[in-house]
Amino acid sequence: MKKKVVIIGGGYGGIRAAHALSKYNEFEITLMDTRPYHYLQTDVYDFIANKSTITDISVSLVTLFFGGKVNFLQRKITKIVPNENKLITNFNEELSFDYFVLAIGSRTYFPSFIEGLSEHAHGVKSIKRAFEFKQKFEEAIYKKVESEGVCELNPDFNVVIGGGGLSGVEVAAAMAEYSQRFFAMGGYACGGIAVHLIEASESILPGVDQYLVRKSRQRLEELGVNMIVGDKILKVDEHSVHLGSGKSVPMNFMIWTGGVEVRRIESDGFTYNPRGQLKIDEFSRVEGFANIFAIGDCAQVVNTKGKTLAPTAMVAEFGADIAAYNIAATEQKKTLKKIEFDLPGMLVALGGFYTAGVIYGIRLSGIFGFLAKKAVSHIYKWPLTRKCKKSLVKSCNN
Ligand SMILES: Cc1cc2nc3c(=O)[nH]c(=O)nc-3n(C[C@H](O)[C@H](O)[C@H](O)COP(=O)(O)OP(=O)(O)OC[C@H]3O[C@@H](n4cnc5c(N)ncnc54)[C@H](O)[C@@H]3O)c2cc1C
């Protein structure tokens with residue numbers, strides 16, 4: 001009889017784990033996600049900058065797995081009972097498993113100590129949020145266009161981005177470049193939209209390679225982004241963002257990219273770090289459980305050199321390979337693989353045809369970086385959409 005593997009989360013990690021496990025014949029694989037699509041968060045900056053549509057940043061999980069070895073169910077997991085190897089869904093179904101992979105990612109964390117933040121700021125970690133935000137941004141651009149003849153009466157539209165990490169920098173650059181290009185194209189005089197990027201650390205992209213920090217800063221300056229570093233956001237109200245230094249920044253729309261948290265699913269016996277990530281061992285297993293694995297943003301991934309890896313799509317995919325291998329190795333009573341990988345580098349999209357990157361120590365910027373980023377995203381997405389198209393043909397023939 002085949003062993004049941006249940007994967008929760010159809011993101012970067014979950015999909016990779018499902019595909020890796022489907023190479024083995026001894027498993028019956030089920031993947032569940034609350035959403036029927038995989039959201040390509042890494043490409044959301046293009047969506048915001050009106051260069052792509054919802055279908056460019058999502059892949060249907062229904063067709064991706066249709067007729068294959070993986071059974072996809074649109075479900076939310078509400079409870080895990082690890083000691084009984086079972087889980088409960090939002091339909092109150094009770095499902096059993098032999099092996100279980102948690103790949104539930106993370107969501108935007110709105111700290112409650114920043115007064116007004118959760119009421120007035122938006123996140124970009126869901127398509128719905130990104131879509132709502134894009135619509136508001138376009139509405140603001142339209143208002144600017146409409147008031148061209150009386151532009152002195154129309155105050156600047158201020159977009160504030162809280163958090164100068166990778167996603168904050170990419171979103172700020174995309175928005176600033178888009179609004180500049182948009183107004184220039186139509187020959188409008190009213191000027192663009194003011195983009196403010198606020199980071200509490202002394203520099204944007206804290207902890208990132210200095211070359212990337214320098215290039216990103218230069219590019220954001222060229223795009224006219226107002227960078228405020230070393231200042232904390234204390235309070236947000238309807239029209240302003242108030243900082244620790246006493247300054248206030250005018251705000252019509254705010255995006256918060258200042259942190260992520262892991263959605264807790266009711267369960268017994270799991271241990272978490274202070275950021276809410278599951279603690280896992282060197283084989284990617286949830287501490288204390290030999291048949292439960294956690295990968296991607298929801299896990300605290302530490303490699304064999306003791307380095308804690310930043311939550312990225314790449315780490316989720318590497319973790320998926322380890323978890324899939326170790327599930328098969330456990331079943332086949334082979335030696336398990338340890339988490340030995342490290343990140344090869346980073347690419348930061350900085351609006352238009354400009355990306356800065358460091359990959360295996362090689363520095364890239366401008367169009368070369370842009371092409372590298374596009375290639376990475378194409379190499380990732382193309383096999384998934386190809387599979388979906390094949391499934392559609394299969395389903396039409398049945
Ligand atoms: C703007 C932005 C830019 C980024 N740029 C990059 C980049 O350039 N490079 C990079 O490597 N990383 C980047 N990242 C980070 C990257 O997107 C994440 O690290 C990655 O998505 C993590 O993958 P994951 O599989 O752990 O989770 P996700 O891809 O988030 O997938 C988790 C899935 O779990 C599902 N889920 C959650 N809870 C439940 C539940 N209870 N039941 C069922 N399903 C559930 C969710 O619906 C979701 O589909 C970026 C992130 C953002 C926001």
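All ligand and atom numbering here is 1-based and tracks the order in the structure. Just so it is clear, the structure is predicted and the values come from calculations on it, not from any experiment.
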Checking a contact table here: which protein heavy atom is nearest atom 52 (C) of ligand 1, and how many Å away?
Ser167 CB, 3.9 Å
Audit row: Arg219, Glu177, side chain to side chain contact (heavy atoms under 4.5 Å, CB included) steps and yes/no
CA-CA 10 Å; Arg219 174 70 175 164; Glu177 195 272 343; 3.9 Å; yes
Polar atom proximity, Ile77 to ligand 1 (N or O, under 3.5 Å)
yes
Residues passing the ring-ring contact (aromatic ring centres under 6.0 Å, His included) test with Phe72, sequence neighbours excluded, are none
For Lys125, the atoms of ligand 1 under 4.0 Å from one of its heavy atoms are 53 (C)
Protein heavy-atom partner closest to atom 12 (N) of ligand 1 - residue, atom, separation in Å:
Ala313 N, 3.2 Å
Under 4.0 Å from a heavy atom of Leu166: give me the atoms of ligand 1 that qualify, with their elements.
5 (N), 6 (C), 7 (C), 8 (O)
What's the shortest distance from atom 39 (C) of ligand 1 to any protein heavy atom, and which residue and atom give it?
Ile104 CG2, 3.8 Å
Are any of the N/O atoms in Thr34 less than 3.5 Å from those in ligand 1?
yes
re atom 26 (O) of ligand 1, the protein heavy-atom contact at minimum distance is Asp297 N, 2.9 Å
State if Lys373 counts as touching ligand 1 under the rule of any non-hydrogen atom under 4.0 Å.
yes
Are a donor atom and an acceptor atom from the side chains of Glu331 and Tyr99 found within less than 3.5 Å of each other?
yes
Taking non-hydrogen atoms only, is Gln74 closer than 4.0 angstrom to ligand 1 via side chain, backbone, both or neither?
neither
Point-to-point distance, once rounded to the nearest 0.5 Å, from NZ of Lys373 to CZ of Phe370:
11.0 Å
Can you list the atoms of ligand 1 that are under 4.0 Å from a heavy atom of Val44?
1 (C)
Please identify which atoms of ligand 1 are closer than 4.0 Å to at least one heavy atom of Lys76.
41 (N), 42 (N)
Could you list which atoms of ligand 1 come closer than 4.0 Å to a heavy atom of Gly296?
26 (O)
Taking a cutoff of less than 4.0 Å between a non-hydrogen atom of the residue and any ligand atom, is His38 in contact with ligand 1?
no
Just to confirm my output: which protein heavy-atom neighbour is closest to atom 28 (P) of ligand 1, and how far is it?
Gln41 NE2, 3.8 Å
Evaluate the ring planes of Phe270 and Phe289, with Trp represented by its six-membered ring, and classify them as parallel (under 30°), tilted (30 to 60°) or perpendicular (over 60°).
perpendicular
Using the six-membered ring of Phe110, assess whether NZ or CZ of Lys125 lies under 6.0 Å from its centre and within 45 degrees of the ring axis.
no
Identify whether the distance between the nearest side-chain nitrogen and carboxylate oxygen of Lys136 and Glu132 falls below 4.0 Å.
no
Which protein non-hydrogen atom lies closest to atom 6 (C) of ligand 1, naming both residue and atom, and how far is it?
Thr42 CG2, 3.3 Å
Give the atoms of ligand 1, by number and element, whose distance to some non-hydrogen atom of Glu170 is under 4.0 Å.
3 (C), 5 (N)
Any Lys/Arg nitrogen of Asp342 or Lys307 sitting under 4.0 Å from an Asp/Glu carboxylate oxygen of the other?
yes
How far is atom 35 (C) of ligand 1 from its nearest protein heavy atom, and which residue and atom is that?
Asp33 OD2, 3.3 Å
So, Thr42 versus Tyr12: side-chain donor-acceptor pair below 3.5 Å or not?
yes
Relative to each other, are the rings of Phe133 and Phe253 parallel, tilted or perpendicular (30° and 60° limits)?
parallel
With sequence neighbours excluded, residues passing salt bridge (Lys or Arg N to Asp or Glu O under 4.0 Å) with Glu221:
none
Ligand 1 atoms nearer than 4.0 angstrom to some heavy atom of Pro311 are 19 (O)
Between Lys279 and Glu287, is there a salt bridge with N-O shorter than 4.0 Å?
no
So if I count the atoms of ligand 1 from 1 in the order they appear, which ones are less than 4.0 Å from some heavy atom of Gly13?
25 (O)
Could you find the nearest protein heavy atom to atom 34 (O) of ligand 1 and give me its residue, atom name and distance?
Gly9 CA, 3.3 Å
Presence of salt bridge, Asp209 and Lys215, under 4.0 angstrom
no
